[in-house]
Amino acid sequence: MTDLDLDSSFIPALHKPPSLLPIAKYRDSLLYVIETFPVTIVIGQTGSGKSTQIPQFLERAGWCSDGKLIGITQPRRVAATTVALRVAEEVGCEVGQEVGYSIRFEDVTSSSTRIKFLTDALLIREALTDPLLSRYSVIMVDEAHERSISTDILLGLLKKIRRKRPELRIIVSSATLQAEEFLKFFTAGSEQEVRKQDDDQTPQAIATIVSLEGRTYPIDTLYLEAPAEDYVEKAVNTVFDIHTQEGEGDILVFLTGREEIDNAIQAVAERATQLDSQHGPLQPLPLYAGLSTEQQMFVFDKTPEGTRKVVFSTNIAEASVTIDGIVHVIDCGFVKLRAYNPKTGIETLTTTPISKASASQRAGRAGRTKAGKCYRLYTEDAYQALPETNPPEIQRSNLASTILQLKALGIDNVARFDFLSAPPSELMSKALELLYSLGALDEYAKLTHPLGSRMAELAVEPMMAKTLLSAPQFNCLSEILTIAAMTSLGGNIWFYHDGERHKMESSRRKFAVEEGDHLTLLNVYQTFITKGKKEAKFCHEHNLNYKSLTRAVSIRAQLKRYLERFNINVDETLSSKQHSSNVDNGNKAEQIRRCLTSGYFAHTARMQPDGTYRNVEGGTILHAHPNSLMFNRKADWVIFYEIMETGDKTYIRDITKIEKNWLVEYAPEFYKLSNSRG
DNA sequence: GAGCACTGC
């Protein structure tokens, strides 16, 4: 077994010239391993240089000589762009030339590109048109340990592709010790079939692990003696202990959500006024995804000399956002995890203990620029009891769009797809049922054409894809395009600063349209591009998230391009004329609501006299989310975009009034089925 | 009556 034990002394690997990175010494051995083994699992700490150096080693060693590409996938867009920029700089080319990147809405590559960074979701999309990914000689899957659905699917595809393209080289990079699982995955089940082709290739010859040790700085980990009753309070106390007893260095506190973060910040601000004058000021800052870009940027600002920055963050700071200068990490030990219940079709968002892998990732946020400390707000025994990892996303998600995508990739028997971790069969059958009811699959579970294959290509979830493809019949395609773009933003449309909640509420009321949230979203978008001239100023005045609305413009344009590729004509002139005068005009609004019903018939509820809702089965009490226009309005039957259980309540979001008889009209089979069931 | 962890196409 090849196991390269690299220099483990504490060398700061960040911002060092590439020649000084520990990985440089192992260039030849790495190249040898990659040449010899079809699959290489690379264990490398952040800062080991694996993502930036390995592609360059490969390129110089001739892996692109026949015009093929080296592809490096990342789970996130920012990572794909920033790593590409750095490698381009090191290579000494303009990004988009030899080194480029490709993410949704941005393809910065050219015919001279040899090293290409992209999101793993986008590479899966490339497989729709190039099933063997034949443009690539090497594919490196970075941050595979995060186990996103896209990463898992991509690894499954690569394993399949490898059988048909033995010359393809696969590198799987992982920061934690999950390497064995990847190794087992690539070697399992390959014995017999490899024997058939090549007597020399045993499973041991297929894949191997290379370990790039080499940390940055040491981190001192401290535990509680006894469990904390209230970790938010404990976190605040710890902040003051650090501030009064420890040397300089900023603090990063991991909490689970916005409410906790706001409370903690208020508590710190109040207690800070009583601080002894010998201690410098504290600057508490929030960090979570729902903030506007401007609000998020504060955490990167340098504080004045003597002021200590304390960032209270959700899990966004665990992997997605990196803040320099953090010396102390406080870890509450919990995270909000999403899960999907296939029996009820309801998603839950629940506070759950983190995994050991998460705990070590959080601690690692302290030692990036010098030696750091991590304060775990739980006992060492509690730590020992944590699971090694959390269940991968693919085992706790609604799989409708994943299954649809697999079908479009030509994987007919999805149950036999080689998953890194197989999803529970209930999740699979629930997804298949929905896809069948939408008409994306036929009674043999085969992808339908053109409906199913088109739905798979549209980058929105299946119910919205169906709605979009029905829209021409309802003569409201332009409007549904906008609604599809706005709903897929996932909520972050409105924002408010401290104490401005009422101002935000009244801004929102100005855009309200009687029939519900979808038409309200349409109204917001139309006003943004017409009266608001797509400007940030307009958004600030109306408590709208500028970045989100800009994104909606891009999403809408992309969806429109897909439709045009299907030869579906989008007539914009008619709609914009009507909506500049009044979005809420009778017949058009009804067509939109009918059209939404044709895609969202599985998401229906009926209002009760007490103002709550019940789903069709009748069992579950649903509440209109306070962000919804229908929160305090009367309705009878409604459809909704999303359903989620948080804490002890189940909320529905993005709600629109419909008529009961439309359900039977647009989904007769589905409603026959529901009735016969109960 | 009262509030969404995080990604991605």
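Every chain is numbered from 1 and lettered A, B, ... according to where its sequence line falls, protein lines coming before strand lines. Just so it is clear, the structure is predicted and the values come from calculations on it, not from any experiment.
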Within 6.0 Å of CD in A:E294, more than 12 heavy atoms from elsewhere: yes

A:K234: which residues meet the side-chain hydrogen bond (donor to acceptor under 3.5 Å, both in side chains) condition with it, sequence neighbours left out? none

Taking only Lys NZ, Arg NE, NH1 and NH2, and the carboxylate oxygens of Asp or Glu, determine whether A:R76 and A:E146 approach each other closer than 4.0 Å. yes

Atom pair distance, as rounded to whole Å: CD1 in A:I149 and P in B:dG8: 14 Å

Please confirm whether the ring centroid of A:H502 lies under 6.0 Å from the ring centroid of A:Y496. no

Protein within reach of the bases, or only the backbone? For nucleotides 1-6 of chain B, mark each nucleotide 5' to 3' as B, S or -, using heavy atoms under 4.0 Å. BBBBBB

Report the distance from atom CD1 of A:I403 to atom P of B:dC9, rounded to the nearest whole Å. 21 Å

For atom CG of A:D120 and atom P of B:dC9, their distance in whole Å: 9 Å

Rounded off to whole Å, could you give me the CG-to-C1' distance for the A:L123 and B:dC9 pair? 12 Å

To the nearest angstrom, the CD-P distance between A:Q74 and B:dC9 comes to 12 Å

Tell me what A:R104 touches on the nucleic acid: a base, only sugar-phosphate, or nothing, going by heavy atoms under 4.0 Å. base

Round to a whole Å and report the spacing from CG of A:L122 to P of B:dT7. 18 Å

So, A:K657 and A:E515, do they make that salt bridge, N to O below 4.0 Å? no

Describe the nucleic acid contact of A:A121 in one word from base, sugar-phosphate, nothing, applying a heavy-atom distance below 4.0 Å. sugar-phosphate

In whole angstrom, what separates A:E461's CD from B:dC9's P? 17 Å

Set of residues satisfying side-chain hydrogen bond (donor to acceptor under 3.5 Å, both in side chains) with respect to A:T256, sequence neighbours excluded: A:E260

